[in-house]
Number of protein chains: 2
Amino acid sequence: MGYSIGQVSKKTGLTTHTLRYYEKEGLLPFVKKSGSGLRVFTDVDLGWLSMIECLKESGMPLKGIKQYIDWYQEGDSTLGKRLDMFKKQKENLEAEMQKLQKHLARINYKIKLYEKAVKIGSFEKAQADAELTRIRKELF
Amino acid sequence: MGYSIGQVSKKTGLTTHTLRYYEKEGLLPFVKKSGSGLRVFTDVDLGWLSMIECLKESGMPLKGIKQYIDWYQEGDSTLGKRLDMFKKQKENLEAEMQKLQKHLARINYKIKLYEKAVKIGSFEKAQADAELTRIRKELF
DNA sequence: AAACATTTTAGAGATAACTCTAAGTCGAAA
DNA sequence: TTTCGACTTAGAGTTATCTCTAAAATGTTT
């Protein structure tokens, strides 16, 4: 019930290079090797890779993720540190999402503006449009 | 009615190094120079810097932003391309935000788990808790 | 005018996160 | 048993985005 590095690559979308790189960086200390030196991934390992993806895409650098994994390996004495880390990550992520929300509103305005501009063939004239001027004022 | 690079650095939070780098990369073609060669930023330039920040934080690489600025400089013949770019960026951003939403749910679960774990002093036992097991099942 | 802060350029260096290469080993299929 | 694709390691190379340095010019303050 184990997977080769190639199989894990297909499952996760990470290249075999990246998986080895993650291991070298200390992110996969739990992955075992077969007698002849081949990596053998388990479903538990896939779970860890999924958590790594979650934290990475949430904006945590690989070093931060490694720290978390190191704490996990240390056992229950680091429970508080791990809790703090997740709380901080939640703060970061919520702040990030609010920022993205604002950026999205701005991009939506740009889409309206350019739809009008394309329709009338002029950026200048589209910008002078009453409704777009109203939205723009609302936005800033 | 103009700002020095240092003033713009304070206003935007970007270092003077970064501002010069952006210019070198073609992101600030509208910034003028004084007779003696000093950069003079205007409020219009600050507006562009704000748009650059918006696109960058929305996940667009500097090259993509440069492309947009180049199109802008080309005039109304590129209106369609710019509209497409913003539409695509909207798609990307909405997909990104949905992903972050999922990651946030997972992190919230982890916070609950670790709060319980800290309380009882054991990760294993916290994981076995009925409510946490329920939430975990909901999550995957 | 002297002193000192700010800006200029070209180019080198740093950092994170991959990405690839080479030379060899392993394992499944014909 | 040969063949061939997948795997191994160590280490070099790449990309994006800064970040810094040095030496000279400019701007500001006293």
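Lettering follows sequence order; numbering is per chain, from 1. Note that the structure is predicted; figures quoted are calculated from it, not measured.
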Short N-O contact, A:E138 and A:R134, less than 4.0 angstrom: yes
Integer-rounded Å distance: C:dA17 P and A:L55 CG: 13 Å
A:K56 side chain, from C-beta outward: closest of C:dT21, C:dC18, C:dT8: C:dC18
Euclidean distance, atom OH of residue B:Y21 to atom C1' of C:dG11 [Å, nearest integer]: 14 Å
Residue whose nearest DNA chain C nucleotide is more 5′ - A:Y22 or A:S34: A:Y22
Rounded distance in Å - CD (A:E23) to P (C:dT19): 18 Å
For atom CD1 of A:I5 and atom C1' of C:dG27, their distance in whole Å: 16 Å
Pairwise 5' ranking along DNA chain D for B:K63 and B:R20, keeping only the more 5' one: B:K63
Residue-phosphate contact under 4.0 Å: B:S36 side-chain N/O, C:dT7 OP1/OP2: no
Protein-nucleotide distance (B:K24, atom NZ; C:dT9, atom P), rounded to Å: 10 Å
Position toward the 5' end of DNA chain D (nearest nucleotide), A:T16 or B:M60: A:T16
Atom-pair distance (CG on A:L19; C1' on C:dA17), nearest Å: 14 Å
Interatomic distance, A:Y3 OH vs C:dG27 P [rounded to whole Å]: 19 Å
Sugar-phosphate, base or nothing in reach of A:T15, heavy atoms under 4.0 Å: nothing
A:R136-A:Y109 side chain donor-acceptor pair, cut-off 3.5 Å: yes
Set of residues satisfying salt bridge (Lys or Arg N to Asp or Glu O under 4.0 Å) with respect to A:K110, sequence neighbours excluded: none
Note: A:K112-A:E115 ion pair, threshold 4.0 Å (strictly below): no
Pairing of A:K90 and A:E94 as salt bridge, 4.0 angstrom limit: yes
Electrostatic pair A:D70-A:K66, nearest N-O below 4.0 angstrom: yes
First-last contacting nucleotides on DNA chain D - partner chain A, under 4.0 angstrom, heavy atom: D:dC7 to D:dT9
Side chain to side chain donor-acceptor pair (under 3.5 Å) partners of residues 36-46 of chain A, not counting sequence neighbours, each pair once: A:Y3-A:D43, A:E23-A:R39, A:S34-A:S36, A:T42-A:D45
Atom-to-atom span, CG of A:L62 to C1' of C:dT19 - whole angstrom: 14 Å
Phosphate-side-chain proximity, B:R39 and C:dT8, N/O vs OP1/OP2 below 4.0 Å: yes
